[in-house]
Structure formats: C-alpha cells, structure tokens
**Q** 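Got a structure here, written out as structure tokens. Questions coming.
Throughout, numbering of the chain's residues begins at 1 and tracks the sequence.
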Amino acid sequence: MKKVIFDVDGVLLSEKRYFDVSALTLWEWYNSPLYMGLSQEPVRANLTEEEIRDLRARYWKDDEILQWLKGHGVNDNWDMVHAHIFVTLWLMLEQYAATTGQIRRLSFDTLRGVRLAGIFLKNCDMPTASDVLDVLRDTVPDGASKDQVFEYLGKAAGESKGGQALVPYASLDSSLWHLHVDCFQNWYFGDDLYRETYGREPDNPGKSGFLTNEAPLADPDDIRHLFQELKRRGYDIAIATGRSRREMEIPFRHYGWYDEFDPLYISTSTDVDEAAALLHRSLDKPNPFAYYLGAFGHYPDRYADYADHPDTFKQGTYYVVGDSLADVWCARSMGAVMIGTLTGLDGQNARAMFEAEGADHIVNNVMDILDVLK
C-alpha cells in the first residue's frame, strides 16, 4: 500500500486568511470595549484588504513573530494569538507594578474579567510587536518545542514581579485561551456559521467570515485532477489538518475536492480533540496522531494503540505532504517519506529548513509532487 497524507494550510490552501484573522482577533481583543478596550480606536467588521495587511504588519511585525513561532512548532493560529496576548499582558502587568508599586491579581476567566483588566491597564503603554518578539526570543530557548514555548513563558512570568497572576493562563486550554479562540472563530466563521456551529450568538456580531473566501495554492480543478491522478497511479490519499472539521469541509466541498477522499481517512483537529478527550492526553501537532488518524482511519477503539503502538498498523509506505517544521517532525515520528512544499508562510525560505531537517523531497508547490510520486 502507498498512501499520501496531505496537510491543508500551506499545501492546498493559502494560510493568508488564517494569519489575517489572527491579526483581526488581536486588534479586536486589545481595542474593543467588549474585550480590553485599551484605546479609542474603533473596531469594525468591514475592512479593506489594505487595512487588514496593515493590522497584520502591526501585530505580527511583518510576520516575523509568526515565523518565530512556526520555527518552534507553534502552527495553530489560536496558539499564536495566545502567545501574543500572554506576552502583551505580562509586559503591561510589569509596567503597572513598576509605576504603581502594586501587583494586580487580575482574572481572565470571563469577559468581565478581561474588561476589568483593560480598565486597570489602560494607562500603560501598549507593547509593540517588537517588544513581544524580544520577550519571546529572550525567554524561550532556540530548541524549545510548542508545548515548551508556553511552559517557559509561564515560568518566566511567575518569576517576575507583575506577571504572577498570569501563570494559570499560560496553558493552551486555559480560560484565557478559550475566550480569544471564540473571538477568532467569529471572525473566521462569520455570524451565520458561528451560530450554526456553536448554537449561540457571537459575543460581537456583525462579521461575514472568511471561509468562502479562501485562496487555493493552485487552480482548484488542477488540484482535483491531482488527487484523481494519484489514485490512478495506485496511491491512496488522506488528509491530516489542524483545521476543524467544518473549516476543512466547507472549502473542500466548495472546490470539489471533498468527494475525492474517503471520510474515514480525513483527520481534522475536531477528530484529534475527540481522541484526546477519549484518551485523556494531548495529541496536537507536532504529535503525529493526526497523521495516524489519516493513515489508519477513524476507529476509536484503536486510538490508544495508534498513540502507543503505531507500528502495529503500518502497511506499506506513507508520504506526508506538508509545509512546516511540525510536519517534518510528524513524518519523522511515523517513519514517513517527507515531501516539503514551499508555499507556506516562509515560501522559498523554507528550503533551508527542509534541507537541514533532512526532508526527502522539496517541491515548489503541491502540483509538483506528481514528479516525485510516479
């Protein structure tokens, strides 16, 4: 058996919209009176592409912070937003302690707590993206993995004068994380899909969403023909993505890709979260579990063995098509052939990373894998 497992973002669909929405989330979080309300800058839903580009440059330092985070295996935009918010709050609490001599024990368990924090911190200077990047570089060692990034941040905040109150909120399942993820999802899904997905009103309605405004990384019909050609050549195909089930399914159906796959071998973050709840452990990338689901299928009674004894289920050769360091780590963990695409955040600059990590093949875009998979 030969099976090709595709990542989605940076391989089939551009990551642009996710990074745009991460900037919009930070913009609303820091400025909207519903959240921290730190400035009088109005937050609205109908922005131009140029305005979105400017916000992304402002909060992510022309993507330098995103690139730094990806270099440490932090691939999920929710987690990227968390790193930005955590460091920003830490710096502002340090300012508050230095100027007032007081240590604020603020709570970020509810939106009311977030708004109250904004009131206390309103007179502090807003840290710049350069400030955030400096803290990340100074606090987190070069070789740290995704989980270690947040462990180091939490530890350092706890050892500082003003940041002690933030320690419970460093983790990627904290109440603070869930609050800003909710804000992100409203921007990305839009009001209608948000209501349909979560069964409740968004906290700050008025958004149309971005899910039907994606950017495929090749002509959608060409990508569909790629899937068909691989199957004609004797390859099985699968998906392993950090997107939720709905975030994957909507654009895949829109572009005519969904029916090319057996749903049994489509692995999304929704599926990984369900498995994590079943097994009571974290299974997020760079843990290769998402790829095991894509490779071996949705059989919940086997999930513990997927995680602990994956070699039992391996048959033939597996190929991982991905754009990031986390994909390389996953491919290596499962003994798969790694095909790196140069269509992620780093573009052609990712070649050096793939070469340093020993990727088996490097291609300019997903269509070029046909030259590798004969």
**Q** Scan L226, V321, T317, D236 and name whichever one has a side-chain contact (heavy atoms from CB on, under 4.5 Å) with V4.
**A**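 Of L226, V321, T317, D236, side-chain contact (heavy atoms from CB on, under 4.5 Å) with V4 is met by V321 alone.
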**Q** Checking ring pair (Phe, Tyr, Trp, His ring centres under 6.0 Å) between Y18 and each of W60, F210, Y188, which is the one that passes?
**A** Y188
**Q** Could you pull out all residues at least two apart from R232 that satisfy salt bridge (Lys or Arg N to Asp or Glu O under 4.0 Å)?
**A**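 Partners of R232 by the salt bridge (Lys or Arg N to Asp or Glu O under 4.0 Å) criterion, ordered by chain and then number, come out as E229.
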**Q** Taking the side chain as everything from C-beta on, heavy atoms only, tell me whether R233 gets closer than 4.5 Å to K2.
**A**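 Counting from C-beta outward, R233 and K2 never come under 4.5 Å.
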**Q** Quick check on the hydrophobic clustering: are L13 and M367 connected, directly or via other members, by side-chain heavy-atom contacts under 4.5 Å?
**A** yes
**Q** Can you list everything that forms a salt bridge (Lys or Arg N to Asp or Glu O under 4.0 Å) with E201? Sequence neighbours excluded, please.
**A**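 E201 satisfies salt bridge (Lys or Arg N to Asp or Glu O under 4.0 Å) with R195 once adjacent residues are dropped.
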**Q** Does one side chain, of N365 or T343, offer a donor that lies under 3.5 Å from an acceptor on the other?
**A** no
**Q** What's the spacing between L47 CG and R53 CZ if we round to 0.5 Å?
**A** 12.0 Å
**Q** Count the heavy atoms belonging to other residues, nucleotides or ligands that lie under 6.0 Å from NZ of K155, then report whether that count exceeds 12.
**A**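 No, because the 6.0 Å sphere around NZ of K155 holds 12 heavy atoms or fewer from other groups.
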**Q** Do M1 and Y235 come close enough that some side-chain heavy atom pair is under 4.5 Å?
**A** no
**Q** With a sphere of 6.0 Å drawn around CG of D54, does it hold more than 12 non-hydrogen atoms of other residues, nucleotides or ligands?
**A**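 Counting other residues, nucleotides and ligands, CG of D54 exceeds 12 neighbours.
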**Q** Do you know which of F108, Y30, W29 makes ring pair (Phe, Tyr, Trp, His ring centres under 6.0 Å) with Y35?
**A** W29
**Q** Is it true that a side-chain atom of T88 and a backbone atom of H84 form a donor plus acceptor pair closer than 3.5 Å?
**A**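 Answer holds: yes.
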**Q** Counting only heavy atoms not in D371 (residues, nucleotides, ligands), do more than 12 fall under 6.0 Å from its CG?
**A**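 Result for CG/D371: enclosed.
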**Q** Hey, does the side chain of S267 reach the backbone of A240 with a donor-acceptor pair shorter than 3.5 angstrom?
**A**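 Not a single qualifying donor-acceptor pair exists.
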**Q** Do the side chain of N186 and the main chain of C183 share a donor and acceptor less than 3.5 angstrom apart?
**A** no
**Q** Hey, what do you get for CG (L293) to NE2 (H298), rounding to the nearest 0.5 Å?
**A**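 L293 atom CG to H298 atom NE2 measures 5.5 Å (nearest 0.5 Å).
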**Q** Please work out which of the three classes, parallel, tilted or perpendicular, describes the rings of F296 and Y292, given edges at 30° and 60°.
**A**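 Parallel, since the angle between the ring planes stays under 30°.
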**Q** Side chains of Y319 and D360: donor-acceptor distance under 3.5 Å anywhere?
**A** no
**Q** What I want to find out is whether E28 reaches R44 closely enough, with some N-O distance under 4.0 Å, to be called a salt bridge.
**A**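 Here E28 does not pair with R44 in a salt bridge, since their nearest N and O are not under 4.0 Å apart.
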**Q** Below 30° counts as parallel, above 60° as perpendicular, anything between as tilted: where do the rings of F289 and Y306 land?
**A**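 F289 vs Y306 ring planes: tilted.
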**Q** If the threshold is 4.0 Å, N to carboxylate O, is there a salt bridge linking K16 and E49?
**A** yes
**Q** Any sub-3.5 Å donor-acceptor pair from E51's side-chain atoms to T48's backbone N or O?
**A** yes
**Q** Output the distance between atom CD1 (I266) and atom OG1 (T241), rounded to the nearest 0.5 Å.
**A** 10.5 Å
**Q** Return yes if a side-chain donor-acceptor contact under 3.5 Å exists between D221 and Y255, otherwise no.
**A** no
**Q** State, without any angle test, whether N123 and Q95 hold a side-chain donor-acceptor pair at a distance under 3.5 Å.
**A** no
**Q** Can a cation-pi geometry be assigned to R302 and Y299, taking NZ or CZ under 6.0 Å from the six-membered ring centre and within 45° of the ring axis?
**A**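 R302 over Y299 ring: yes.
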**Q** Quick one: do L217 and I369 end up in the same hydrophobic cluster if we chain Ile, Leu, Val, Met, Phe, Trp and Tyr together by side-chain heavy atoms under 4.5 Å apart?
**A** no
**Q** Any side-chain donor-acceptor pair under 3.5 Å between S171 and W177?
**A**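 Note: S171 and W177 side chains miss the donor-acceptor criterion.
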**Q** Should the heavy atoms of other residues, nucleotides or ligands under 6.0 Å from CZ of R112 be counted, would the total exceed 12?
**A** no
**Q** Mind checking the OG-CZ spacing from S130 to R137? Nearest 0.5 Å is all I need.
**A**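 Answer rounded to 0.5 Å: 9.0 Å.
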**Q** Taking S22 for its side chain and N77 for its backbone only, find out whether a donor-acceptor pair lies under 3.5 Å.
**A**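 Between the backbone of N77 and the side chain of S22 there is no qualifying donor-acceptor contact (under 3.5 Å).
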**Q** CG of L166 to CZ of F86: how many Å apart, nearest 0.5 Å?
**A**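 It comes to 5.0 Å.
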**Q** Using 0.5 Å steps for rounding, measure from the CZ atom of F189 to the OG atom of S208.
**A**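 Separation between the atoms: 14.0 Å.
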**Q** Under 4.5 Å between any side-chain heavy atoms of H178 and D173, yes or no?
**A** yes
**Q** Would you say the ring centroid of W68 lies under 6.0 angstrom from that of H72?
**A**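 Aromatic pair counts; centres sit under 6.0 Å.
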**Q** State whether the side chain of D271 and the backbone N or O of T268 hold a donor-acceptor pair below 3.5 Å, judged by distance alone.
**A**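 It does hold such a pair.
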**Q** Can you check whether Y194's main-chain N or O pairs, donor with acceptor, with T197's side chain at less than 3.5 Å?
**A** no
**Q** Under the 3.5 angstrom rule, does the side chain of N31 hit a backbone N or O of W27 as a donor-acceptor pair?
**A**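 At least one qualifying donor-acceptor pair exists.
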**Q** For Q40, look at atom CD and say whether over 12 heavy atoms of other residues, nucleotides or ligands are found less than 6.0 Å away.
**A**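 No, CD of Q40 has 12 or fewer neighbouring heavy atoms, counting only those of other groups under 6.0 Å.
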**Q** Please confirm whether the backbone N or O of G10 pairs with a side-chain atom of T341, one donor and one acceptor, at under 3.5 Å?
**A** yes
**Q** Under 4.0 Å between a side-chain nitrogen and a carboxylate oxygen: does that hold for R200 and D182?
**A** yes
**Q** Please determine if R56 and D63 form a salt bridge, counting it only when a charged side-chain N lies under 4.0 Å from a carboxylate O.
**A** yes
**Q** Can you find a pair of side-chain heavy atoms, one from I5 and one from I239, that are under 4.5 Å apart?
**A** no
**Q** Got a donor-acceptor contact below 3.5 angstrom from the D222 side chain to the A218 backbone?
**A** no
**Q** State, without any angle test, whether D273 and T270 hold a side-chain donor-acceptor pair at a distance under 3.5 Å.
**A**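 Per modelled atom types, D273 and T270 side chains form no pair under 3.5 Å.
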**Q** When the ring planes of F6 and F261 are compared, do they come out parallel, tilted or perpendicular, using 30° and 60° as the limits?
**A**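 Rings of F6 and F261: perpendicular, as their planes differ by over 60°.
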**Q** Does atom CD of E159 have more than 12 heavy-atom neighbours, drawn from other residues, nucleotides or ligands, at distances under 6.0 Å?
**A**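 For E159, atom CD is crowded (more than 12 foreign heavy atoms under 6.0 Å).
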**Q** For the pair R245 and E249, find out whether any cationic side-chain nitrogen is under 4.0 Å from an anionic carboxylate oxygen.
**A**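 No, no charged N to carboxylate O under 4.0 Å.
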